[in-house]
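Take a look at the structure set out below.
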Amino acid sequence: MKTSLRHYALLLAKLLVTAGLIALLLRNADLAQVSDRLAKADPRFFAAAVLAMTGLFAVMALRWWMLSRALGVRVPGGRALLLYFEAVTFNLVLPGSVGGEVLRVWRTTRLVGRLRRNIAAVLFE
């Protein structure tokens, strides 16, 4: 398969999975209750929670980046942060908690190679 065709096929697959998950969520969620609870939430506490979680994930990404570097996997710092956030998103959206780790290993290996060391870094982390 040509690279561009493969790229578009993967993008389409991601969009279809996302659309399916959103449809499932909308079908099973009580949107009125969600809206009521969000309306009652204090925006300051909500913002503080988002900042706290973002900081936590940034520290976790830093830990993974440092472990990767110690194992000889040289992922650029900013890219490592983005890959970590992408993996966290997959773990939150998909069932189970390993989808993001598999994605992180796959994407990092495509970026810098060294499959076994990428797997080791994720397992250590």
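The chain is numbered in sequence order, starting from 1. All values below were derived from every heavy atom in this structure, side-chain atoms included, with hydrogens, water molecules and symmetry-related copies excluded.
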Going by atom type alone, with no hydrogens or angles, which donor-acceptor pairs under 3.5 Å involve a side-chain atom of residues 41-52 and a protein atom two or more places apart or on another chain?
| from | atom 1 | to | atom 2 | distance (Å) |
| --- | --- | --- | --- | --- |
| D42 | OD1 | R44 | N | 3.0 |
| D42 | OD1 | R44 | NE | 3.3 |
| D42 | OD2 | R44 | NH2 | 2.9 |

Can you check whether F57 reaches T54 side chain to side chain, under 4.5 Å on heavy atoms?
no
Counterpart residues, side-chain contact (heavy atoms from CB on, under 4.5 Å), relative to D36 (two or more places apart)
none
L24: what forms a side-chain contact (heavy atoms from CB on, under 4.5 Å) with it, not counting sequence neighbours?
R27, N28
Shared-cluster residues of L26, by chain and number - hydrophobic side chains joined below 4.5 Å:
I22, L31
Could you list the residues that satisfy side-chain contact (heavy atoms from CB on, under 4.5 Å) with L38, not counting sequence neighbours?
V34
List the atom pairs, donor and acceptor, that lie under 3.5 Å between side-chain atoms in residues 74-84 and the rest of the protein, sequence neighbours left out.
| from | atom 1 | to | atom 2 | distance (Å) |
| --- | --- | --- | --- | --- |
| R74 | NH1 | R69 | O | 3.3 |
| Y84 | OH | E125 | OE2 | 3.0 |

